Amino acid sequence: MAQHNLGTVVSFEFIRTVTKGRFWIGTLSVPIIIAVVFGLIFLSNSTTDTAAAAQKSAQFSISYTDASGLITAQDAALFGATAADSPDAGIQAVQSGAVDAYFDYPAHPETTAVLVHGADKGIFENGKYAAVAQATLTHAVEQRIGSPQLSALAAGKAQIETVTYDGAKESGGLGSVIPPLFFLVIFYGLIVLLAGQMLNSTLEEKENRVTEMILTTLKPTTLIAGKVIALFAIGLVQMLVFLSPIVIGRLFFPKELSLTALDLPPLILDPVRMTIGLLILVGGFALFTTTLVAIGAVMPTAKEAGNFMGVMMALIFVPFYAVALVVSDPQSVIVQIFTFFPFSAPVTALLRNGFGSLSVLEAGIVIVILFVGAAVMLRLAVRLFQYGSISYTSKVNIRTALRAGPRHPAAVKPPTTGR
Amino acid sequence: MGEARVHISGFRMDFGDTTVVRDLSFDVQAGETFGFLGSNGSGKTTTIRALLGIYEPTAGILHINGRDFKPEHGDRLGYLPEERGLYKKEKVIDIMTYFGRLKGMERRTAKRWSLEYLDRVALADRATAVLDKLSSGQQQKVQLGVTIMNNPELLILDEPTKGFDPVNRRLLMDIIAEQKQGGATVVMVTHQMEEVERLCDRVILLKDGTAEAYGTIDEVQNKYGGRIIRIRHTGPLPRSPHYEVMLEETNYSELSITDATDEAVILKDLIDAGVTVRSFTTTKISLEDIFIRVYGDQNKPSTSGSAGAAGSGGPAASRPRQGV
Ligand SMILES: Nc1ncnc2c1ncn2[C@@H]1O[C@H](COP(=O)(O)OP(=O)(O)O)[C@@H](O)[C@H]1O
Ligand SMILES: [Mg+2]
C-alpha cells in the first residue's frame, strides 16, 4: 500500500508540474537562448568563411598600400584590390565613396596591426573587410613560401594526440576527467534549477490548507519522499531539454558548429569513478532536497523561505573558492573538511572524483555521509511538516516539533479500564 | 451497541501555557451518528486533530478502531477538515482521482466514481476545470466528494455546513444520511442544532475544554429539565426555584423547568403572583435552547469570544444572539 502510494504521489507531482505552461516557458527559454546564440555564431562564421570567395565576385572595391612589400600586385588583383597612392589618399577615397575599403599594410604586419578603413555597411558586412584584408595577406605569404604543406604547418594546423600512462595502463587525461565531472554539472544544474521548487514543495499544501487532508490520507514520509523523487525526475527532464540544442547541433550540424570547446577528446568511462559519481550525485541531491524541504516546512510563506535560499546556495559554491586547492592538494586540511562536511561534500567530492584524487575509501565514506544525512534530514523534514504545517501562519517551533516523541506516550501504559 | 469506533479517554491538550482541552473522555460506537458540539474555541477541532494524529496530545488515549490512528493502517476514514483546501491549480477530476488512488481505489474506479459524483452535485461540466476557477461553494462540494470516496467506515466532519447555501446544505445532509444508512459511523461538528436533533443518535457538549453534557439527545434534554415554557404575559415574572428564566421581554418570556414540577403548578404560581398570562405552552427543550443556556454567559462583559449565528427558528430568532 505504501509502495503503491509512493508511486501515486510521484506521478501526481511529476505530471502536474510538467503539464503546466509555466514550467515549459521557463524550461524552453534556456535552449531557445542557446539556439539563438549558436545561430549567431553560425551566421558570423559563414560571413567570414565566404567573405574571400564573395570578394572574388567583386562585391566591394578595395584600394591598398603595402609598406611591407609582401603583397604583389598579382596577389592584390586576385582580391580585386588596387594600389592607392598614399594612406591619406586611400582614406579619402573611402570617405568620398570612391572605394568601399582601403587596407593599410604596415612594414611589419607580424607586430603592427593592419589598418582597415571601410564604408559602414552594417555589423555583419563590416566583418568582411577584415576577412578580406587577412585573406589577401595570407595568400601573399603562402605564395612566398611556395609550399601548401609548409604554409599549413607554419600556420599551426598540425594535429597532435597525447597518450598518457598510469603505470602500464593508458590514463585518459582530459578524456577521463570530463565524464565523471559531468555529474558535478548535473548536480549544479539540478540544485540551481530546483532549489526554489524544493523549498516550496510543501508550501502549496500549507498555503492551500491541504495538509490535513494529506496527513490523514498518507504517511508524511511517503508524501515527502514522493516529492523528492518527482523533483529529481523533473530536474532530469529540464537538463535533457537544456542539452537538446547541443545534441541536435552536434548530430545535424557538426561542421557549422565547429566550436573548439565542444570538440571533446575521446571520452574514457571508468566504471568505478562513474559509479562513485552517480552515487555522490544521488546522495548529494537527496541531502540538499530533504534539507530544503525541511526548511520549507518551517516557513509559513514563500517569501520567508526565500531568505534561506542564499545560505544554501552559498554552501554549494563555497568549495569553488578553493577549487585550485581541491585539484592540486587534495590532502590538505581544508579540502578534507570540505570533502566530509555534508553540505560541501557533494561538490568537493565530485570535483576530486573527476580529477581522480578521491580514493574509493574516501568516496565510500562520503557516500555514506550523504545518504545517512539525507535520511536524517528526511525524518526531520517529515517531522517538521507533520507538526509544523498545521501552524499555517506562524513559524514552527523547531524544538517543540523535535521534542514531540512517539505518538500518544500514554497509550503505552493504558489504564486498566475495560469497555 | 457494538465496539467503539472512536475511544477517547483522559485527553488533555496544552498549547504552551494554555490548556485547551482537559480530561475529555467519550466513545463513539460503530454505526452511530455523533454530534460533537461546543461553542467557538471550545476545543472541538483540536480534539479531532489529536484523534487523527495531526496534533500531539499532551496526555490521554485517542483511538480509532482500538489503536492510534495512522493513515497506513488502512482504516477507511473520510475527514472533512474545518480548514478546507485542495490543490488549487489542478483540475477537479485530477484532484479527485489522486485522492481516490491514495485511499486505495483503482485509477479507473476513482475516476468513474468522481465523474458520477460530480454529475450528482451538478458539477459534471466542471470536471476538467482548474479548482480555483470554481466558486467556493462548488469547491466545498468537490471537497465533500473527496471526503466520502471509497466508502469510509468513519466520517469525521468538522463544520460541514460551513459555506453551503440552504439548497446545498440539504444535499449535504442527504449525503450524510446516505453514508449513515450505508453503515458509516459519523462524527459531526456543527452549529445547526436542528440538524443535530434530526440526525444524531448521541451528542457531547464541550465547554471550557471538557464535557458539559454527553449522551443521547433525550438524556441531554432531560439533564436540562427537558421542558421549556413559552408564555405571553403582562407583568414581571416572579423568581422561582422550579424554573430558570431564559428570556424575558416585556410581553414574552421563556422559562426552563429545572426540576420535576408540573407545568400546572408553575402556571398557578404565576397567576398567584399577579402575572396576566395570555398564552402558555410547554415544549420539550431544544438543543438550541440548551446550547444557549450552556454558553449564554460567554459573551457577557469580561469574557471574550466571537459571536456567531446559531441555527434559526421561532421566537428564538428575536432574542439577542449569544456566542456559539
Ligand atoms: N496550534 C495551536 N496553537 C495554539 N493554540 C491553538 C492551536 N490550535 C487551537 N488553538 C486554541 O485552542 C482553542 C480551541 O480551538 P479549536 O479546537 O479550534 O476550537 P473549536 O474547533 O471548538 O472552535 C482556541 O482557543 C484556539 O485558539
Ligand atoms: Mg473548530
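Lettering of chains follows the sequences in order, A, B, ..., and the numbering in each one begins at 1. Here the structure is a predicted model, which is why all the values come from computation and not from measurement.
For the pair B:Lys103 and A:Thr217, the tightest heavy-atom approach, listed with the atom from each and the gap, is CG-CG2, 3.9 Å. In plain terms, the two heavy atoms of B:Leu102 and A:Val9 that are nearest each other are CD2-CG2, 4.1 Å.
Heavy-atom contacts from other residues, nucleotides or ligands closer than 6.0 Å to CD of B:Glu178 number more than 12. With a 6.0 Å radius and a threshold of 12 heavy atoms from other residues, nucleotides or ligands, B:Lys162 has its NZ atom above the threshold. In the displayed structure, B:Lys111 atom NZ is contacted under 6.0 Å by at most 12 heavy atoms of other residues, nucleotides or ligands.
In this structure, the portions of B:Lys89 lying under 4.5 Å from any heavy atom of chain A include both its backbone and its side chain. Contacts between B:Arg67 and chain A at a heavy-atom distance below 4.5 Å are absent for every atom of the residue.
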Intermediate values then yes/no, side-chain contact (heavy atoms from CB on, under 4.5 Å), A:Ile214 and B:Phe99: CA-CA 9 Å; A:Ile214 282 287; B:Phe99 275 97; 4.0 Å; yes
Derivation and outcome, side-chain contact (heavy atoms from CB on, under 4.5 Å), residues A:Leu215 and B:Tyr79: CA-CA 11 Å; A:Leu215 282 182; B:Tyr79 173 42; over 6 Å; no
Under the side-chain contact (heavy atoms from CB on, under 4.5 Å) criterion, do B:Val146 and A:Met213 qualify, and how do the steps go? CA-CA 9 Å; B:Val146 169; A:Met213 292 292 274; 3.4 Å; yes
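With rounding to the nearest 0.5 angstrom, the CD atom of B:Glu82 is 11.5 Å from the CZ atom of A:Arg209. Atom CD in A:Glu212 sits 8.0 Å away from atom OG1 in B:Thr45 (nearest 0.5 Å).
Relative orientation of the A:Phe12 and B:Tyr98 rings is parallel, given thresholds of 30° and 60° on the angle between their planes.
Ion pairing of B:Glu90 with A:Lys20 is present here, as a side-chain N (NZ or NE/NH1/NH2) and a carboxylate O approach within less than 4.0 Å.
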